[in-house]
2 protein chains.
Amino acid sequence: MFEFLEKKLKENIHISREEFEFAKTMFIPKKLRKKRFLLQDGDPCIYTTFVEKGLLRSFRVDDKGNEHILQFGMQGWWVADLYSFLTGEPSEYNIEALEDSELLLITKSSWDQLLNEVPAFERYFRVLIQNNLIATQRRLMGTMTTTAEERYNSLIRDFPDITQRVPQHMIASYIGVTRETLSRLRSQLAAGS
Amino acid sequence: MFEFLEKKLKENIHISREEFEFAKTMFIPKKLRKKRFLLQDGDPCIYTTFVEKGLLRSFRVDDKGNEHILQFGMQGWWVADLYSFLTGEPSEYNIEALEDSELLLITKSSWDQLLNEVPAFERYFRVLIQNNLIATQRRLMGTMTTTAEERYNSLIRDFPDITQRVPQHMIASYIGVTRETLSRLRSQLAAGS
DNA sequence: CGCCGAGTTGAACTGAATCAAGAAACGTGG
DNA sequence: CCACGTTTCTTGATTCAGTTCAACTCGGCG
């Protein structure tokens, strides 16, 4: 249940066996079946989640009822609504399993304790958040500088298997277009190649 | 020269006088006159910069020659192209002073040393980057869910003095529209109120 | 004085959204 | 294992927000 977390930690930081054993006690293992929710908007996001296995999505629903995906969370990724997690305010996001998933949950107070008692975790999360910030800045500039087609292409370049694992309308709501537009885009791409 | 940095640090973390004195030796003070560049695309971003006084912008120029502003850096903010700073790769961003500015620069190796020797700095930057990530995620979702008008309104709500300090075409390239569109937007707003 | 960057306004154009309808794929219960 | 309803995907017609191109104004500054 902790294999992938251990792998990811060891890739990034150096921690002792005792520290890892201590860390393990801070997490709550949870299995979440496909289509079940880990967080629903209106509720506070009380956990940060590590994906041991499976696939999550975090998304917002706007006033017109359209979904907008902030993040897909695959194996080895962390998923949460950071703002709600840190402040305790109600979240505007939903987190849903797109596949049967095995998760490791950690509460804010356990997380704080972990960062205080094991400085290597402070570093681990700093680097993690740093990389996430870089990726999010890229995606933001992408929405301003590139067309929907280029954004689609770079998504499948970065995550080739995503087309097999998530329905197209969700890919559309990740790159920021309607499903109709993505459908037309794809038929043009298919014709052109 | 270090007043504002000291203030910001003390707001967020607890460090001893010795630690702060040590930190001060790691920074390179620099004055940068309006319209001068701190970073030009193609060069690696070798510094992370704290703005003691003045105003910076970081922006990209796309293939059509249009500018897209990633960030305004006002007093108390940090500015860099994180990716280039961390990897040493050439940057795709420019950083320019919009007002005569007083800056504190720190190189990657000094920064690494600071984080290693003073754990409170590791925490400080983790929190800083975390807040930046939350803000960037908000802005990203904003580009997908809101109109140019709403984005303009929330910008001036968050930074009321920005309209006095930066020309309108730069505000346009921050919210992601052309200057013409912003101009029309504003005349509608003025008429409606 | 003349020039240049900044801002405004108008007209034509365009990429994507919206509205609408149908086809294909999927899974759930009988 | 099939039947039926739901979800997903596609295709077409129309609309719309924002871009592009172009011309003109205004204010500062060498």
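The figures here come from the full heavy-atom set of this structure, side chains too, leaving out hydrogens, waters and symmetry mates.
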Let me check something: do B:L155 and B:L140 share a hydrophobic cluster, defined by ILVMFWY side-chain heavy atoms less than 4.5 Å apart, either directly or through other members?
no
Tell me whether the side-chain N or O atoms of B:R184 pair up with the base of C:dG10 as donor and acceptor below 3.5 Å, since no angle test is needed here.
yes
Just to be sure I understand the geometry, which residues of residues 159-180 of chain A put a non-hydrogen atom under 4.0 Å away from DNA chain D?
A:P167, A:Q168, A:H169, A:E180
Let me know the distance between CG of A:D100 and C1' of C:dG27, rounded to the nearest Å.
14 Å
In whole Å, I'd like the distance from the NE2 atom of B:H68 to the C1' atom of D:dT19.
12 Å
Taking NZ from A:K64 and P from C:dC19, how many angstroms apart are they, rounded to a whole number?
9 Å
More than 12 non-hydrogen atoms from neighbouring residues, nucleotides or ligands closer than 6.0 Å to CZ on A:R179, yes or no?
no
Regarding A:R165 and the six-membered ring of A:F159, is the cationic atom NZ or CZ under 6.0 Å from the ring centre and inside 45° of its axis?
no
Rounded to the nearest Å, what distance is computed from the CG atom of residue B:L182 to the P atom of nucleotide D:dT19?
10 Å
Euclidean distance, atom CG of residue B:L185 to atom P of D:dT19 [Å, nearest integer]
10 Å
Can you tell me how far P of D:dG18 sits from CE of B:M144, to the nearest Å?
16 Å
Shortest non-hydrogen pair, B:Y152 vs B:R186, comes out as OH-NH1, 2.8 Å
Just to verify, which of B:E67, B:E92, B:H68 counts as forming a side-chain hydrogen bond (donor to acceptor under 3.5 Å, both in side chains) with B:R60?
B:E92
A:R139 to A:Y174, cation-pi by 6.0 Å centre distance and 45° axis angle:
yes
Judged by nearest nucleotide, the residue sitting upstream toward the 5' end of DNA chain C, A:T181 or B:K35, is B:K35
Rounded distance (Å) that lies between atom P of D:dC9 and atom CD of A:Q188
18 Å
